[in-house]
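Right, one structure below, let's go through it.
We number each residue from 1, following the sequence as shown.
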Amino acid sequence: RVQLVESGGDSVQAGGSLRLSCKVSGYDYSSFCMAWFRQFAGKEREGVAHISTRGGNTNYADSVKGRFTISQDNADNTWYLQMNDLSPEDSAVYYCALREAFCLAGPVGLDERSFRYWGQGTQVSVST
């Protein structure tokens with residue numbers, strides 16, 4: 001059974017940083033796509049960043065470029081989202097997700113419909 005477990009969500013002040021973690025178990029293939037999404041209260045989930053597990057190619061939503069970094073520790077089956085210079089507009093539930101194929105290029109690469117497995121989410125709250 002494939003499981004994705006996020007951790008690291010917290011409450012921080014604007015300008016602060018957080019690092020989210022996503023531990024994957026039960027998935028034995030080496031080449032796939034991992035992504036982070038977020039969902040604001042009352043809104044649709046939106047893609048934040050993805051990374052190809054083989055090659056490490058990344059893609060980011062415009063709203064987080066230069067502030068967020070997605071990375072991976074393949075040996076530990078853990079993916080990370082380093083978030084710097086946080087603002088209240090980043091407050092959301094953050095989810096990691098796994099796509100059983102290579103990452104797609106362009107905006108479609110952060111379309112939630114192509115990701116099969118999801119974590120339970122972790123709350124990030126940023127105050128002024």
Side-chain angles (χ1 to χ4, degrees):
R1 176 179 163 220
V2 179
Q3 283 192 298
L4 282 65
V5 180
E6 301 101 336
S7 61
D10 205 344
S11 297
V12 296
Q13 289 192 319
S17 299
L18 281 175
R19 187 176 80 158
L20 306 181
S21 300
C22 175
K23 178 80 170 179
V24 178
S25 61
Y27 193 77
D28 297 327
Y29 297 96
S30 61
S31 183
F32 50 94
C33 182
M34 286 297 298
W36 286 94
F37 290 79
R38 64 186 180 183
Q39 188 167 24
F40 304 109
K43 295 198 174 181
E44 300 280 326
R45 199 153 43 187
E46 68 173 32
V48 174
H50 75 211
I51 186 167
S52 297
T53 60
R54 181 165 289 179
N57 294 327
T58 58
N59 185 31
Y60 295 90
D62 288 342
S63 58
V64 306
K65 279 180 182 175
R67 301 189 298 125
F68 291 11
T69 303
I70 188 171
S71 63
Q72 57 190 1
D73 181 345
N74 288 341
D76 195 37
N77 290 332
T78 302
W79 281 259
Y80 301 97
L81 185 68
Q82 177 67 42
M83 305 186 295
N84 297 328
D85 192 24
L86 286 162
S87 73
E89 290 70 36
D90 295 312
S91 297
V93 178
Y94 285 72
Y95 300 87
C96 60
L98 187 156
R99 168 181 159 85
E100 296 179 284
F102 53 87
C103 292
L104 298 173
V108 70
L110 290 174
D111 186 329
E112 64 174 313
R113 290 170 292 182
S114 66
F115 289 82
R116 179 176 180 181
Y117 298 104
W118 292 82
Q120 81 287 352
T122 186
Q123 177 72 51
V124 171
S125 299
V126 185
S127 60
T128 55

| said: Val124 and side-chain contact (heavy atoms from CB on, under 4.5 Å): which single residue from Leu81, Leu18, Asp10 fits? | reply: Leu18

| query | Looking at Cys96 and Glu6, what are the two nearest heavy atoms and their distance? | reply | N-OE2, 2.9 Å

| query | Do the side chains of His50 and Ser114 get nearer than 4.5 Å, heavy atoms only? | reply | no

| field | Rounded distance (nearest 0.5 Å) linking atom CD of Gln72 with atom CZ of Arg54 | value | 11.0 Å

| note | Nearest heavy-atom approach of Trp118 to Phe115 is NE1-O, 3.1 Å

| field | Val64 with Tyr94, same ILVMFWY side-chain cluster at under 4.5 Å | value | yes

| Are the side chain of Tyr60 and the backbone N or O of Ile70 linked by a donor-acceptor pair below 3.5 Å? | yes

| query | Should Leu4 and Val2 be marked as a side-chain contact (heavy atoms from CB on, under 4.5 Å) after you check the CA-CA gap, both sets of side-chain angles, and the distance that decides it? | reply | CA-CA 7 Å; Leu4 282 65; Val2 179; 3.7 Å; yes

| message | To the nearest 0.5 Å, what is the distance between CG on Leu104 and SG on Cys33? | response | 7.5 Å

| said: Between Ser91 and Val126 (side chain of the first, backbone of the second, donor and acceptor by atom type, cut-off under 3.5 Å), is there such a pair? | reply: yes

| query | Can you get from Val48 to Leu86 by hopping between Ile, Leu, Val, Met, Phe, Trp and Tyr side chains that sit under 4.5 Å apart? | reply | yes

| field | Joint hydrophobic cluster, Tyr95 plus Tyr117, side-chain heavy atoms closer than 4.5 Å | value | no

| query | Just how far is it from atom SG of Cys103 to atom CG of Asn59, taken to the nearest 0.5 Å? | reply | 8.0 Å

| query | Pro88 and Ala14: which non-hydrogen atoms are nearest, and at how many Å? | reply | CD-CB, 4.2 Å

| Which atom of Lys43 lies closest to which atom of Gln39, heavy atoms considered | O-NE2, 3.0 Å

| task | Report yes if the side chains of Glu89 and Ser63 come closer than 4.5 Å at any heavy-atom pair, otherwise no. | result | no

| Residue pairs involving residues 95-106 (criterion salt bridge (Lys or Arg N to Asp or Glu O under 4.0 Å); sequence neighbours excluded) | Glu100-Arg116

| note | dist Asp111:CG -> Glu46:CD (nearest 0.5 Å) comes out at 12.5 Å

| query | Can you tell me how far the CD1 atom of Ile51 sits from the OG1 atom of Thr53, to the nearest 0.5 Å? | reply | 8.5 Å

| query | Under the criterion side-chain hydrogen bond (donor to acceptor under 3.5 Å, both in side chains), which of Asp73, Asn77, Asp76 is the partner of Lys23? | reply | Asp76

| Phe68 and Trp36 aromatic centres sub-6.0 Å | no

| task | Flag the pair Phe32 / Trp79 as yes when their ring centroid distance falls below 6.0 Å, and as no otherwise. | result | yes

| Quick one: are Leu20 and Met83 in side-chain contact, heavy atoms under 4.5 Å? | yes

| Does the Ser52 side chain pair with the main chain of Phe102, one donor and one acceptor, at a distance under 3.5 Å? | no

| task | Compare every heavy atom of Asp85 with every heavy atom of Arg67, then report the nearest pair and how far apart it is. | result | NH1-O, 3.0 Å

| task | Looking only at non-hydrogen atoms, find the nearest pair between Phe40 and Ala92 and report the distance. | result | CD2-CB, 3.7 Å

